Amino acid sequence: MKTLRQILSKLLLVALVLVLGLLIYLDALVSTTFADRKWEIPARVYSRPLELFPGLRLAKEELHYELSLLGYRKVTRLTQPGQWVEGRNRLDFYGRSFRFPDEMVPAARLEVRFSGNRVTSIRSAGRALELVRLEPVHIGGIYPRHREDRLLLQLDKVPKTMVAGLLAMEDRQFYSHWGISVTGILRAMQANYQAGRVVQGGSTITQQLVKNYYLSSERSLWRKSREALMALLLEFHFDKSEILEGYINEVFLSQDGPRAIHGFGLASEYFFDRSLAELGIHQQALLVGMVKGPSLYNPLRNPERALARRNTVLDVMYQQGIINDVEQTVSKAMPLALSQRTRVVNSYPAYLALVRRQLRQDYHEQDLGSLGLSIFTGFDPLLQRQAERSVEAVLPRLPGGEQLETAMVVTSFDNGEVKALLGGRKPRYAGFNRALDAVRPVGSLIKPAVYLTALQDPAKYTLATPLSDAPVTVASAVGDDWQPRNFDRQSHGDPLLHKALAQSYNQATARLGMQVGIEEVLDTLRRLGVERRQPAVPALMLGAGGLAPVDIAAMYQTIAAGGFRLPLHTIRDVVDARGTVVQRFPLHYEREVSIQAIHLLHYALREVMEEGTGKSVRRSLPRDFAVAGKTGTTNDNRDSWFAGFSGDLMAVSWVGRDDNGGTGLTGATGALKIWADFMSTASRVPLAYRVPEGIEHYWIDPASGQLSAEDCEGARLMPFISGSQPQKRVNCAQRKDRVMEWFRDLF
Amino acid sequence: MVSRFILTLGVAALVSACAGPSVQAPAPEPAASKEPEVREQTQSQGGASQSLLTEARQARLDGAFDKAEGLLLRAQRIDPRNGVVYLEMARLYATTGATEEARRIAERGLLYCTGSTCEELREVL
């Protein structure tokens with residue numbers, strides 16, 4: 001007996017030590033983690049802000065679209081931020097305040113007037129404004145592993161009626177208990193016993209917070225015990241307002257795809273497109289009611305049930321004296337008043353994937369999902385919409401359209417920003433991102449690198465250098481001979497260099513490439529910004545190495561920018577949770593190719609669009625709208641490529657099949673059609689660089705490449721790097737065309 | 001000026017329609033002069049970027065280089081074909097000792113400049 005008592009005493013002692021240890025552990029957990037407010041706040045990714053100024057080419061419909069993405073509502077009179085009123089040739093809106101990386105812009109009423117597709121004036125409070133920027137569109141987030149998203153709020157920013165309503169529904173003794181409510185537990189036990197199942201919880205708000213914050217949702221005595229202990233400890237260490245604030249930020253309210261909506265702050269934005277402070281009582285009551293069953297009372301999925309629950313909350317709020325009878329009656333008569341806008345957050349998964357990829361170069365994944373960073377990007381929703389529209393308009397009309405996939409990258413080459421991105425024909429589908437990861441042969445898109453290598457040696461090569469387009473055979477190291485053929489299976493004599501590129505002659509290009517050297521072409525590719533490793537084989541000259549659309553974008557971006565290389569980037573600024581700019585993408589150009597040689601290359605790439613493989617672009621673009629680019633087609637027409645630029649945008653378009661089957665399309669009959677459709681609407685400025693120093697122009701005989709004269713038959717004016725012009729002159733046959741001469745006299 | 005431009009376009013369309021096969025289509029190169037007319041008058045977003053440039057210049061003179069850079073980056077996004085934006089940015093980088101960046105920005109600005117701005121950009125090189 002004595003032995004048994006001793007054993008029990010020892011067991012009791014061990015149990016006490018264990019409980020004490022557990023208490024110490026839980027106390028440390030509660031006091032440290034909760035004190036640090038360790039909520040993981042996802043990074044918020046924003047589009048570019050739309051800059052409005054007189055003279056801007058922007059249709060009223062485009063501003064309308066931008067405002068709709070921002071969740072603005074159409075009204076008949078502006079009374080608060082987030083509203084717009086439409087008028088004839090004008091659009092008035094009440095802009096919201098927004099903290100940009102460089103300044104806080106206050107809310108303001110603005111009147112924007114249009115003439116045709118142009119903004120003519122912007123006024124605010126009777127004053128004409130030169131420049132206004134709208135807040136950027138929140139396009140997505142980078143979430144922690146558990147995918148929780150929230151907007152942190154301080155308790156004093158939560159409407160008092162809402163706090164009172166929450167306590168009335170969830171925990172009326174909140175201010176008098178110590179974390180657990182014995183009466184609450186007894187009441188719940190009685191209700192559950194009478195119902196024969198669990199119909200009511202006895203948890204206080206503190207317990208609910210502990211459960212959500214630290215514990216799982218399993219129903220066990222062990223979990224319940226820990227919950228009760230931790231609730232007591234939480235109340236011991238923190239005051240009521242801190243616990244309530246924690247609860248308001250922690251509570252789970254909805255699921256948006258893989259994203260979990262936590263806290264009243266984000267839920268208010270998610271369901272109503274308004275800040276919590278702007279909510280009406282009926283909307284506050286709806287959110288309070290959802291706490292009990294976020295799925296059951298989700299107003300998007302179960303509007304009737306949600307409405308009934310909201311009205312129950314309003315009744316309780318009235319009974320508890322939180323609202324008066326008029327407020328109760330009016331609020332109950334209100335509809336759910338949910339946001340009508342199309343969901344924008346995470347609607348551009350392809351672009352967000354590139355943002356994430358670029359952020360990973362500088363940030364740990366865990367920090368991205370937890371530090372509450374704001375990521376300001378160059379994403380342009382208007383250009384993205386046009387890219388999507390062009391694909392929708394063109395792709396189904398191509399032969400075999402239903403099996404075709406596509407990708408597109410659009411950049412602003414003056415600053416290297418990626419403005420729009422399509423990873424496939426279904427832009428909302430976050431599947432395989434072809435723009436970033438479809439590494440395919442690029443065919444003739446590589447040729448500009450071959451020709452640029454040559455043109456950088458003006459002592460040997462100019463645009464007027466005759467090249468042999470005769471059949472060519474290159475012996476490879478492994479014994480196989482490489483015998484490239486022209487697309488039309490013909491040889492074209494000795495075309496001048498500019499024509500060989502414009503007409504995309506394979507035989508002439510392969511020969512030229514072998515003359516300048518494989519390593520030199522690889523070096524040019526690297527200088528142009530291609531980072532993906534390419535094979536040092538002769539077939540490189542015709543694009544046998546694999547590149548993704550984004551790699552091609554990097555290459556053509558440098559060409560479009562006149563030889564100045566900027567890394568393709570999506571991010572402008574990264575701002576931390578305190579509003580401090582922690583990273584900014586500067587305008588640091590690198591230049592490792594000759595500006596003059598690039599100018600010559602532009603000449604040939606413009607010729608592609610006027611007389612060469614890309615001339616069908618003129619069905620979409622007016623003749624005086626200068627553009628430059630290159631088509632690309634791979635073996636058995638598996639890939640249809642086009643890369644090109646105007647004066648403001650560079651775009652790469654790819655069309656092909658995921659199973660790598662033949663498409664029957666060339667670069668011109670597939671990708672170029674999408675590109676042209678896009679550019680004809682999206683681009684505002686034709687290509688028009690100032691001619692760089694060190695360039696001289698001469699009239700050239702098209703057959704021999706020798707000097708000619710303005711009046712000579714067929715002569716064309718061509719640029720040369722100073723001193724590299726031909727020295728011989730051909731006999732001149734007088735031009736017969738008088739109209740042409742008259743035309744030239746005009747300049 | 002405008003009427004002449006319209007006339008030119010009209011004639012260009014006429015020529016392209018009438019030119020026989022022996023005559024080359026107009027060469028892609030826009031003009032033979034060393035400094036052809038840049039479309040800055042119609043392409044530049046004058047007023048909008050001007051206020052940012054003025055503010056950025058003042059910020060640079062006040063030593064607020066971060067602020068000046070932010071303003072110039074914004075001006076460049078709005079008005080990327082304005083040589084003055086590049087000139088101001090080159091001056092800012094030169095002031096902060098980033099001479100190589102200044103030189104490259106100035107070099108790029110030369111692709112868009114007009115008149116005296118070109119001379120000022122060359123001075124930065």
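Treat the numbers as computed from the prediction; the structure is a model and nothing was measured. Within every chain, numbering begins at 1; the chains are lettered A, B, ... in the order of the sequence lines, protein sequences first and strands thereafter.
One distance of note links CZ of A:Phe564 with CD1 of B:Ile105; it measures 9.5 Å at 0.5 Å rounding. Distance check, rounded to the nearest 0.5 Å: CG of A:Leu566 to CZ of B:Arg104 gives 10.5 Å. If you take CD1 on B:Ile78 and CG on A:Leu131, they are separated by 4.5 Å, rounding to the nearest 0.5 Å.
Qualifying side-chain hydrogen bond (donor to acceptor under 3.5 Å, both in side chains) partners for A:Asp102, counting only residues two or more places apart in sequence or in other chains: A:Arg133. With sequence neighbours left out, B:Tyr93 forms a ring-ring contact (aromatic ring centres under 6.0 Å, His included) with A:His588. A search for side-chain hydrogen bond (donor to acceptor under 3.5 Å, both in side chains) contacts involving B:Thr99 returns nothing, not counting sequence neighbours.
Only the side chain of A:Ile595 comes within contact range of chain B, with at least one heavy atom under 4.5 Å from a heavy atom of that chain. Contact of A:Tyr589 with chain B is made through backbone and side chain together, with heavy-atom distances under 4.5 Å. For A:Tyr698, no part lies near chain B; criterion is any non-hydrogen pair under 4.5 Å.
By number of non-hydrogen pairs under 4.5 angstrom with chain A, the leading residue of B:Met89, B:Glu100, B:Glu107 is B:Glu107. Ranking A:Glu590, A:Arg572, A:Arg591 against chain B, the residue ahead of the rest is A:Arg572, based on heavy-atom pairs under 4.5 Å. Ranked by heavy-atom pairs under 4.5 Å with chain B, the list A:Gly562, A:Pro586, A:Ala561 is led by A:Ala561.
Residues of residues 63-76 of chain B lying under 4.5 angstrom from chain A, judged on non-hydrogen atoms, are B:Asp66, B:Glu69, B:Gly70, B:Leu73, B:Arg74, B:Gln76 by number.
Counting heavy atoms from C-beta on, the side chains of A:Glu130 and B:Gln50 never come closer than 4.5 Å.
Heavy atoms from other residues, nucleotides or ligands lying under 6.0 Å from CZ of A:Arg684 number more than 12.
Side chain of A:Arg690 to backbone of B:Tyr112: no donor-acceptor contact under 3.5 angstrom is found.
Ion pairing between a basic and an acidic side chain is recognised when a charged N comes within 4.0 Å of a carboxylate O; A:Asp414 and B:Arg81 show such pairing.
For the pair B:Leu111 and A:Pro692, the tightest heavy-atom approach, listed with the atom from each and the gap, is CD2-CB, 4.4 Å.
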